[in-house]
Visitor: 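Can you keep this structure in mind? I'll have questions shortly.
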Protein chains: 2
Amino acid sequence: MTTEADRPPEPDRVRAPNIRDVARVAGVSYQTVSRVLNDSPNIRPETAERVRAAIDELGYRPNQAARALVTSRSRTIGVLSGQTSHYGPATSIQAIEMAAREAGYRLSITNISSSEYTSIKSGLDYLMSQAVEALIVIAPQVRVFEAINDLQVAVPFVTLEATGLNTSHSLWVDQVQGARMATKHLIELGHTEIMHISGPQDWIEAEARMQGFLRELGDADLRTRAPILGDWTASFGYYAGLELLRYRDFTAVFAGNDQMALGFMHACREMGLSVPGDISIVGVDDIPESAHYAPPLTTVRQDFAEIGRRAVGLVLGELRGEAGLSHDPVQPQLIVRESTAKRA
Amino acid sequence: MTTEADRPPEPDRVRAPNIRDVARVAGVSYQTVSRVLNDSPNIRPETAERVRAAIDELGYRPNQAARALVTSRSRTIGVLSGQTSHYGPATSIQAIEMAAREAGYRLSITNISSSEYTSIKSGLDYLMSQAVEALIVIAPQVRVFEAINDLQVAVPFVTLEATGLNTSHSLWVDQVQGARMATKHLIELGHTEIMHISGPQDWIEAEARMQGFLRELGDADLRTRAPILGDWTASFGYYAGLELLRYRDFTAVFAGNDQMALGFMHACREMGLSVPGDISIVGVDDIPESAHYAPPLTTVRQDFAEIGRRAVGLVLGELRGEAGLSHDPVQPQLIVRESTAKRA
DNA sequence: GCTCGCGATGTGTACGTTCACATCCGCACG
DNA sequence: CGTGCGGATGTGAACGTACACATCGCGAGC
């Protein structure tokens with residue numbers, strides 16, 4: 001009835017309403033309010049309605065900290081990522097965020113600036129200090145596994161894009177397969193001298209793409225040559241191209257990602273070479289821009305968003321004790337555009 | 001002395017050590033431990049050392065939830081962002097994350113999938129339920145301000161990239177100035193018929209760039225034409241190009257971002273037009289790839305990372321009650337490459 | 001030698017919630 | 001008509017920490 005009159009005088013500092021304030025307004029005990037909040041059974045609909053009305057009236061919001069304290073559940077998923085500004089990680093993280101929020105979890109993201117072990121470890125340490133309930137790693141560096149062991153991470157975790165290693169904790173695009181598709185495509189076009197510009201050696205996915213490339217080449221009995229170790233950037237592709245094209249002892253290039261492919265095409269243009277007339281190029285990722293490169297890039301599409309969603313499903317499933325969740329690799333897809341052609 | 005013998009029997013479920021466990025091991029009171037944790041003065045160095053040793057021994061980590069509960073400070077900054085997978089937001093967020101972590105804050109990020117008012121509001125609502133202490137908005141939609149008002153957001157907030165509006169809460173790259181630089185550059189090259197492909201109308205920065213474009217054109221007494229309203233994507237730039245180039249009643253294009261510029265160049269190529277021979281093009285953002293487009297793109301550089309860092313500085317400053325913080329717009333920079341040339 | 005003051009440390013309590021358990025009521029069953 | 005049972009609701013405690021205040025000891029000043 002009287003919702004204001006008989007309350008104690010307003011304190012100076014306005015305090016956010018708590019569960020007891022709601023209870024008082026609704027004329028029930030705080031426990032009943034708690035029950036409504038956690039929609040537990042055995043509440044009379046009429047009572048629940050009154051509580052909900054009180055909640056609205058007061059603009060009450062449950063205090064997450066108090067809840068976390070008593071349940072000792074932070075409802076937080078930690079994300080350890082390398083450069084979150086890159087297309088792949090950024091896309092995955094966005095999907096992770098949405099899937100997590102859907103499931104009532106929030107994210108704690110941390111960027112590791114370098115691939116130094118100490119950097120990984122301190123990033124991981126930070127996440128542990130946030131009491132994350134699960135961990136998703138998008139920093140596909142080999143040393144992450146070490147760090148996870150060293151810190152005795154006891155929560156469910158999954159690493160993205162880390163082909164082949166430690167499969168029970170991995171979820172990945174089948175990079176080996178993707179690389180084979182790209183390489184096979186070039187071979188089928190008649191190319192026999194194929195160059196690979198790889199990502200940094202300590203990225204597992206770079207390693208996997210290199211393996212796929214080498215295996216496909218081996219299966220076709222073609223000469224393999226040492227891949228160039230790049231850094232994923234367009235600039236690297238460009239300078240590598242300027243260097244490599246001085247010899248021109250190859251007619252096709254498989255680049256570890258679209259950006260390096262772009263840089264390489266830039267170098268071709270500058271050296272007066274036609275793509276795909278003189279050199280065929282394949283990238284990986286299918287970033288949205290690659291369809292508009294000059295020429296539009298043949299590339300291996302990866303579904304980063306799907307990977308992110310599945311990662312969340314996986315760790316939350318494990319958290320709920322569900323077993324036997326699917327770790328099947330996500331299949332990449334070859335997108336043929338105009339940067340590849342039959343060997344002249 | 002005895003650090004193990006006289007403790008109560010181990011409970012079944014291993015409980016994380018708390019401040020009292022540390023105190024017991026260190027032989028001090030829990031309050032002393034608390035003091036060491038919050039490095040308050042008046043602790044004997046020797047005591048502090050003993051406490052620290054106990055912390056290490058037990059692998060103790062402060063419980064953030066308990067801390068948040070009692071201090072009623074969440075140490076969280078909310079980030080409301082549009083597509084976090086885009087280069088600009090992603091770069092800013094990365095910088096925000098690092099700056100925030102540096103300052104002992106974590107982030108709660110939420111993506112809004114559409115620019116619908118309800119979507120913005122629910123995103124904001126989510127962040128408020130996280131009890132964020134401050135808010136950084138990277139979703140530069142006009143309606144965000146409405147939502148912030150409607151929800152009576154009482155925390156310090158700052159919107160990024162929202163030129164000109166509500167300046168006390170904005171931090172921005174001077175988009176108007178950037179657009180003017182781009183336009184002026186084209187005018188100085190002799191172009192008089194310049195087309196603008198803008199971002200979506202409800203993005204404040206798109207609006208600002210359009211204003212800058214129109215003003216510069218006005219100052220030069222050149223004919224203005226209705227800008228095309230795009231969606232930031234390369235594909236839009238491409239299709240818009242195919243359409244517009246059927247008439248060819250312009251010799252230069254100012255695109256709202258690099259991706260649309262890329263798409264437009266693609267269309268030029270397909271229509272048999274040379275860039276910059278027939279058409280000059282300027283973009284905005286200077287994403288890392290744009291230096292390797294065909295041709296390398298003249299563009300207006302924005303320092304997204306700097307913006308992110310300053311946003312954190314601003315809201316945390318306000319939180320500490322510091323006044324008179326700099327809201328000076330960040331100056332963009334024209335990067336002249338090869339997509340622009342004197343009018344034929 | 002006594003007191004004052006201050007540095008160093010300890011004790012009580014509150015934060016807001018959930019869990020375990022207690023209580024109350026009405027209805028079905030014998 | 002008494003008993004038991006289960007649905008609906010209430011009470012007490014605990015989670016781990018920081019703040020306010022209390023206490024202790026020791027050296028300076030008279």
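Side chains are part of it too, since the values below use all heavy atoms of this structure and drop only hydrogens, waters and symmetry mates. Naming convention: chains lettered A, B, ... in sequence-line order (proteins, then strands); numbering from 1 in each chain.
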Visitor: Can you confirm whether the side chains of Ser81(A) and Thr84(A) place a donor and an acceptor under 3.5 Å from each other?
Guide: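 There is no such pair between these side chains.
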Visitor: Taking all non-hydrogen atoms of both residues into account, name the closest pair between Gly82(A) and Asn111(A) and its distance.
Guide: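 The pair with the smallest heavy-atom distance is O-OD1, 3.1 Å.
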Visitor: Please find the pair of heavy atoms, one from Leu107(A) and one from Glu97(A), that lie closest to each other, and give the distance.
Guide: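 Here Leu107(A) and Glu97(A) meet closest at CD2-CA, 3.5 Å.
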Visitor: Give a yes-or-no answer on whether the side chains of Gln64(A) and Arg75(A) include a donor-acceptor pair shorter than 3.5 Å.
Guide: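 Distance-only check fails for Gln64(A) and Arg75(A).
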Visitor: Quick one: how far along DNA chain C does chain B reach, first to last nucleotide 5' to 3', anything under 4.0 Å to a heavy atom?
Guide: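 Contact span on the strand: dA8(C) to dG16(C).
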Visitor: Quick one: what's the B/S/- string for nucleotides 13-28 of chain D, heavy-atom cutoff under 4.0 Å, read 5' to 3'?
Guide: --BBBBBB--------
Visitor: Evaluate the side chain to side chain donor-acceptor pair (under 3.5 Å) criterion for residues Tyr30(A) and Arg35(A): first the C-alpha distance (whole Å), next the side-chain angles of each, then the deciding distance (0.1 Å), finally the verdict.
Guide: CA-CA 9 Å; Tyr30(A) 58 86; Arg35(A) 276 192 260 262; over 6 Å; no
Visitor: To the nearest 0.5 Å, how far apart are CZ in Arg101(B) and OG in Ser108(A)?
Guide: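 The distance works out to 9.0 Å.
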Visitor: Would you indicate, yes or no, if dT11(D) has its OP1 or OP2 atom less than 4.0 angstrom from a side-chain nitrogen or oxygen of Ser29(A)?
Guide: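 For dT11(D), neither OP1 nor OP2 has a side-chain N or O of Ser29(A) closer than 4.0 Å.
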Visitor: Which pair of non-hydrogen atoms, one from Val22(B) and one from Val51(B), has the smallest distance, and what is that distance?
Guide: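 Shortest heavy-atom separation between Val22(B) and Val51(B) comes out as CG1-O, 4.1 Å.
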Visitor: May I ask you to decide whether Asp125(A) forms a salt bridge with Arg61(B), counting only side-chain N to carboxylate O separations under 4.0 Å?
Guide: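 Salt bridge present between Asp125(A) and Arg61(B).
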